[in-house]
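Working notes for the structure below.
So you know, we letter chains A, B, ... as the sequences are listed, proteins then strands, and number each from 1.
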Amino acid sequence: MRRTNTCGELRAEDIGKQVCLQGWVRFSRDHGGVAFIDLADRYGITQIVFDPEDLPKGTDVNAMADTMKTFTRESVVSIVGTVRKRVEGTDDARNPTGEVEVLITEAELLNKSAAPPFEIGDQKEGVLPNEDTRMKYRYLDLRRTEMIQAMEFRSKFLHLARQYLEQNSFLEIETPILGRSTPEGARDYVVPSRVHPGTFYALPQSPQLFKQMLMVGSMDRYYQVARCFRDEDSRKDRQPEFTQLDMEMSFVDMADIQNMIEGLLSFVWKGLYGKELETPFPRIAYRDAMERFGSDKPDMRYGLEFVKLTDVVKDVPYQIFQRILAEGGIVAGINLGDGSAKVGRNEVDRYIHYAKNKAKLGGLTWMRCENGVLTSNITKYFTPEILENIKQAMNVKEGDLIFLIAGPWKATYEGGGVLRRKIAEDLGLVPDDVFQFFWMVDCPMFEVDPVSGKYDAFHHPFVLPLNDINDDYVAGACFDICLNGNELGSGSLRIHNADLQRAVLEKLGVPDETIEKEFGWFIQALGYGAPPHGGIAMGVDRLIAILLNKETIRDVIAFPKNKRAVSLLDNSPEKIDDSKLEELQILSLATGDLDLESLEDIDSDEQ
RNA sequence: GCCCUGGUAGUGUAGUGGCCUAUCAUGAAGCCCUGUCGAGGCUUCGACACGGAUUCAAAUUCCGUCCAGGGCGCCA
C-alpha cells in the first residue's frame, strides 16, 4: 500500500479514516500487551498503537507480533490502520498530532536499521554527540528536528529569493565550475586536465569575472545560487566550499543595488516570518564604523561606542600617550556605563590581559569615576582639567568605568573592537532575537600594507574607483552588507573601461605580463562595449546561520567539511589510484615514494 | 605555520597520584508489565585516543604523536 499521509499530518478531523503511514520508528514503548510506536518522518511524529486484542477478524496475531518485534529503533516501516481519538486524558499537547493515534491493522518492515550510534530525537541542550560523530553519521543527524528545520528554512529562503529575483527580471544563469586560476585572492582548488596534461582548471572563488561577462553579453540582470571554493583554513563561519547568492545588474548605481537587496530581503522576510523588515537599512561610513565600533562589520545591536579622545588628551603629560600621539596614533575611550558595577578590579586586570593577548593592543588604560573624579593608578599623570574633559567627552557618570585605548589608527580600533565585543558578551548586552542589518559605505579603494607599502584592493581589483587612482585617497564604489557583527556580503560598481581596469591592476603591482596573461581576455571584453554595471554577493550559509541563531555554518549545510577540510561522511579528500595519476601525468611529492635527489634534472625554476 | 581548549563503554558524563576491579545516565541484549509518550521495573554487556617517560604506584604528572573544536596568520 502507498503512503496516504505524512507523520505530521493527522488531526482530530481525520478520526475514523483508514490511513497508511511510512516512516522511521523513533521510540517504541511495549507494555507487554499494547505497544506504542512514535513513527517519525520529516513532517512530524504520529503515535501508532498496536493492540493484539483489537485487530481485524482473521488477522494472524502471532505473525503480527513477530513483525512488531522487528520494528527496532530507526527501522523503516509501513503501517496501515485507523485514525482514532486517544483515550481520555492521554492527549499530548506538545505534539500537533497529539490528539489522535493510529490503531494498527497491518504492518510491514520496509528496511531494518542497525542500532544507531547516538540517540535521535529532540535532544536537550548539551547532550548532542560530538560534532565528528554527527558528521560521520550525518544522515542520522539530519533526522533531528533541528536539522530538518534548518534545511526547510534554507530551502524556503532560497525559494523566496529566486521568486523575487525572477519577478524583477533577473535571469538565473550558471557559470562554469571549471575555470582558470587567477593570481590574486585566495588559494585555488585545482583540477587537473587529462586532455592537456600539466594544465589545471581552478574551481571558482566566486563567479566574479563571469558575471561581468554576462553583463557585457547584455544579460542585464543575472543571479545565481553559486557554489564558491577557497582553499583557506576554516573557521566557524568559513569552510572550503560555500554558497553565495550572487547578482549583477547593468546600468545601475550603488543605491539601485542596495534597494534591490533591501527589496529582496523584505520579500523573503515577509515570506519567512510574515513580518515587515524595516528598510532602508542604516548606512554607516567605513571610517565611522571603525572609530565608533572598532570594526568594519560592527555589531550594532548594543552601544558601547568608542569616543575619540585624541584632541582631549593632546597635552597630557602621560608619556605613553604623548609618544603615541607624536607617532600619529589615536586615543579613544569606551564607557561601560551601567555595566561598570559588574566589573571589579580583578576583572579590569583580566581585560588588560585580554587586550594585550587577544585584542593585540599595546595596553589598556582604565579609570573609574569615584566621588565625581576619574581615578586610577595612572591619573596622577593627568591634569585635573584633562580628566574633567575626558569625563565630559565620554559622558561619565558616578561609578562608571572607562577603558582607554591608544596606538596606530587601524590596529588600535580593530583591537578595541575585539575588546568591545568581549565586554558586551560578558555584560550580557547582546540580544539574540534582534536582526540589525546595515550598509557599510564609503570604503577606500585601496589599503596600503604598513610593512611593504604595497597597495592592496580593499574589496577586489574590479571595483570602480570614484576619483583619480593617483590621488592620495581613492574612494571605491563599494559597500558591505552586515548583520549582527558579521559581513554578509559585499557589492560594488565595477570598472567597465578597459584602460582603467588595466591601470588599477598596475597600481596593485600586478606585472604587465601577468595582466596580459591572466586578465587579457577580460580586459579585452571590457573593450567591446561593456555597460556600466555592478552587483553584490551574499553569503547564504552565514545569513541562514545567523537567522537561525546557529553557532556555526556547519549547522545549516547538509554535508559540511570539518575544521581540517575533511568530510567525515565520505572520508574525502582521499588518495587516488596511481593509474588515474598516470593518466593525468601527475607525480605526487606527498606520498614519499619520490626521491627528490633523482629529480634534479627536472627544471625547478618554474612554479 | 602558530596559540588555546579538549579526547574515559555505542552516546553523554564523573573521576586532579593509592580510596578505580573506574561513577552516573542513556543505549544494546534478555526477562516482566494492557495507555504510554525520551514509558516503567529487574538482570547482563560495554570505556581511560596512541606511544614513551617519571614513580613502589598513573585515567590522573611530564614528553611526543594522532584526532576534534575555537582563535591568530590566511580568506583579492
Rounded to whole Å, CZ of A/R73 lies from P of B/rA28 at a distance of 4 Å
B/rU65 -> Watson-Crick or G-U wobble partner, both distances under 3.5 Å, gives B/rA49
message = Closer than 4.0 angstrom, basic N to acidic O: yes or no for A/R542 and A/E487?
response = no
From CD1 of A/I120 across to P of B/rG27 the rounded distance in Å is 13 Å
- For A/E414, look at atom CD and say whether over 12 heavy atoms of other residues, nucleotides or ligands are found less than 6.0 Å away. yes
Regarding the side chain of A/V49, the nearest nucleotide among B/rG35, B/rC37, B/rG12 is B/rG35
For the residue pair A/S492 and A/R494, confirm or rule out a side-chain donor-acceptor distance under 3.5 Å.
yes
To the nearest angstrom, the CG-P distance between A/D456 and B/rC75 comes to 8 Å
A/E516 meets the salt bridge (charged side-chain N to carboxylate O under 4.0 Å, His left out) criterion, sequence neighbours left out, with A/R502
*asked:* For the base of B/rA39 and the side-chain ring of A/H31, does the geometry meet a stacking cutoff of under 5.5 Å between centres and under 30° between planes?
replied: yes
Partner of B/rG73 under the Watson-Crick or G-U wobble criteria, both distances under 3.5 Å, comes out as none
The Watson-Crick or G-U wobble partner of B/rG40, with both key distances under 3.5 Å, is B/rC32
ask   = If you draw the axis of the six-membered ring of A/Y455, does the NZ or CZ of A/K507 fall within 45° of it and under 6.0 Å from the ring centre?
value = yes
Taken to the nearest whole Å, CG/A/D30 to P/B/rG38 is 17 Å
Exercise. Do A/E99 and A/R86 sit within salt-bridge range, that is, some charged N less than 4.0 Å from a carboxylate O?
Worked result: no
Between the CG atom in A/N5 and the CZ atom in A/R11, the distance rounded to the nearest 0.5 Å is 10.5 Å
Could you list all N or O pairs between the protein and nucleotides 64-73 of chain B that sit under 3.5 Å apart?
{"residue": "B/rC67", "atom": "OP1", "partner": "A/R564", "partner atom": "NH1", "Å": "3.3"}
{"residue": "B/rC67", "atom": "OP1", "partner": "A/R564", "partner atom": "NH2", "Å": "2.9"}
{"residue": "B/rA68", "atom": "OP1", "partner": "A/N562", "partner atom": "ND2", "Å": "2.7"}
{"residue": "B/rA68", "atom": "OP2", "partner": "A/R564", "partner atom": "NE", "Å": "2.6"}
{"residue": "B/rA68", "atom": "OP2", "partner": "A/R564", "partner atom": "NH2", "Å": "3.4"}
{"residue": "B/rG69", "atom": "OP1", "partner": "A/K563", "partner atom": "N", "Å": "3.1"}
{"residue": "B/rG69", "atom": "OP2", "partner": "A/K563", "partner atom": "N", "Å": "3.3"}
{"residue": "B/rG70", "atom": "OP1", "partner": "A/R554", "partner atom": "NH2", "Å": "2.4"}
{"residue": "B/rG70", "atom": "OP2", "partner": "A/R554", "partner atom": "NH2", "Å": "2.9"}
{"residue": "B/rG70", "atom": "N7", "partner": "A/K563", "partner atom": "NZ", "Å": "3.3"}
{"residue": "B/rG71", "atom": "OP2", "partner": "A/K236", "partner atom": "N", "Å": "3.3"}
{"residue": "B/rG71", "atom": "N7", "partner": "A/K563", "partner atom": "NZ", "Å": "3.2"}
{"residue": "B/rC72", "atom": "OP2", "partner": "A/R235", "partner atom": "NE", "Å": "3.2"}
{"residue": "B/rC72", "atom": "O3'", "partner": "A/K360", "partner atom": "NZ", "Å": "2.9"}
{"residue": "B/rC72", "atom": "O2'", "partner": "A/K360", "partner atom": "NZ", "Å": "2.7"}
{"residue": "B/rG73", "atom": "N7", "partner": "A/R235", "partner atom": "NH2", "Å": "2.8"}
{"residue": "B/rG73", "atom": "O6", "partner": "A/R235", "partner atom": "NH1", "Å": "3.0"}
{"residue": "B/rG73", "atom": "O6", "partner": "A/R235", "partner atom": "NH2", "Å": "2.8"}
{"residue": "B/rG73", "atom": "N1", "partner": "A/D233", "partner atom": "OD2", "Å": "2.8"}
{"residue": "B/rG73", "atom": "N2", "partner": "A/D233", "partner atom": "OD2", "Å": "3.4"}

task: Looking at every strand, decide which applies to A/R494 at a 4.0 Å heavy-atom threshold: base, sugar-phosphate, or nothing.
output: nothing
Considering every strand and a 4.0 Å limit on heavy-atom distances, what is the contact class for A/Q208: base, sugar-phosphate, or nothing? base
Which pairs would a plain distance check flag for residues 456-469 of chain A, meaning a side-chain donor or acceptor within less than 3.5 Å of a matching protein atom at least two apart in sequence or in another chain?
{"residue": "A/D456", "atom": "OD1", "partner": "A/K454", "partner atom": "NZ", "Å": "3.3"}
{"residue": "A/H459", "atom": "NE2", "partner": "A/D480", "partner atom": "OD1", "Å": "2.7"}
{"residue": "A/H460", "atom": "ND1", "partner": "A/F462", "partner atom": "N", "Å": "3.1"}
{"residue": "A/N467", "atom": "OD1", "partner": "A/A475", "partner atom": "N", "Å": "2.9"}
{"residue": "A/N467", "atom": "ND2", "partner": "A/D471", "partner atom": "OD2", "Å": "3.0"}
{"residue": "A/N467", "atom": "ND2", "partner": "A/Y473", "partner atom": "O", "Å": "2.8"}
{"residue": "A/D468", "atom": "OD1", "partner": "A/N470", "partner atom": "N", "Å": "2.8"}

Against the side chain of A/A186, the closest entry in B/rG12, B/rG35, B/rC75 is B/rC75
Does B/rU36 have A/F36 stacked on its base, where the ring centres are within less than 5.5 Å and the planes differ by under 30°?
yes
Taking a pair to mean Watson-Crick or G-U wobble geometry with both distances below 3.5 Å, B/rG12 pairs with B/rC24
If we take the P atom in both B/rG52 and B/rA59, what is their distance in whole Å? 14 Å
Parallel, tilted or perpendicular, as decided by the 30° and 60° cut-offs, for the rings of A/F210 and A/W521:
tilted
Taking a pair to mean Watson-Crick or G-U wobble geometry with both distances below 3.5 Å, B/rU55 pairs with none
Ranking B/rU11, B/rA28, B/rA76 by distance to the side chain of A/R230, first place goes to B/rA76
- Query: Hey, mind stepping through A/E146 and A/K550 against salt bridge (Lys or Arg N to Asp or Glu O under 4.0 Å) and telling me if it holds?
  - Reply: CA-CA 10 Å; A/E146 208 187 340; A/K550 303 290 187 193; 3.0 Å; yes
So for atom NE2, which belongs to A/H31, do other residues, nucleotides or ligands contribute more than 12 heavy atoms lying within a distance under 6.0 Å? yes
Taken to the nearest whole Å, CG/A/L140 to P/B/rG10 is 17 Å
Here the distance between atom C1' of B/rG12 and atom CZ of A/R144, to the nearest Å, is 14 Å
A/I495 atom CD1 is separated from B/rA76 atom C1', nearest whole Å, by 13 Å
Inset, instruction - Indicate whether any N or O donor in one side chain lies under 3.5 Å from an N or O acceptor in the other, for A/S206 and A/Q244. - result: no
Tabulate protein N/O versus nucleotide N/O from nucleotides 23-26 of chain B, keeping only pairs under 3.5 Å, one per line.
{"residue": "B/rU26", "atom": "O2'", "partner": "A/E119", "partner atom": "OE1", "Å": "2.6"}

Scanning all shown strands, the Watson-Crick or wobble mate of B/rC19 with both distances under 3.5 Å is none
query = With rounding to whole Å, what would you report as the distance between B/rU61 and B/rC45 at their P atoms?
reply = 30 Å
Could you check whether A/R350 pairs with A/E347 (Lys NZ or Arg NE/NH1/NH2 to Asp/Glu carboxylate O, under 4.0 Å)? yes
*Do any side-chain nitrogens or oxygens of A/R29 fall under 4.0 Å of OP1 or OP2 in B/rU36?*
no
All N/O donor-acceptor pairs, side-chain side in residues 67-80 of chain A, below 3.5 Å, sequence neighbours left out:
{"residue": "A/T67", "atom": "OG1", "partner": "A/A63", "partner atom": "O", "Å": "3.0"}
{"residue": "A/T70", "atom": "OG1", "partner": "A/T67", "partner atom": "O", "Å": "2.5"}
{"residue": "A/E74", "atom": "OE1", "partner": "A/R26", "partner atom": "NH2", "Å": "3.3"}
{"residue": "A/E74", "atom": "OE1", "partner": "A/R143", "partner atom": "NH1", "Å": "2.8"}
{"residue": "A/E74", "atom": "OE2", "partner": "A/R26", "partner atom": "NE", "Å": "2.6"}
{"residue": "A/S75", "atom": "OG", "partner": "A/T72", "partner atom": "N", "Å": "3.2"}
{"residue": "A/S75", "atom": "OG", "partner": "A/T72", "partner atom": "O", "Å": "2.6"}
{"residue": "A/S78", "atom": "OG", "partner": "A/Q22", "partner atom": "NE2", "Å": "3.0"}

Under a 4.0 Å heavy-atom cutoff, the residues of residues 88-106 of chain A touching RNA chain B are A/T90, A/D91, A/D92, A/R94, A/E101
RNA chain B nearest-nucleotide lookup for A/F27 and A/K85: closer to the 5′ end is A/K85
When rounded to whole Å, the CD to C1' distance for the pair A/E506 and B/rA76 reads 18 Å
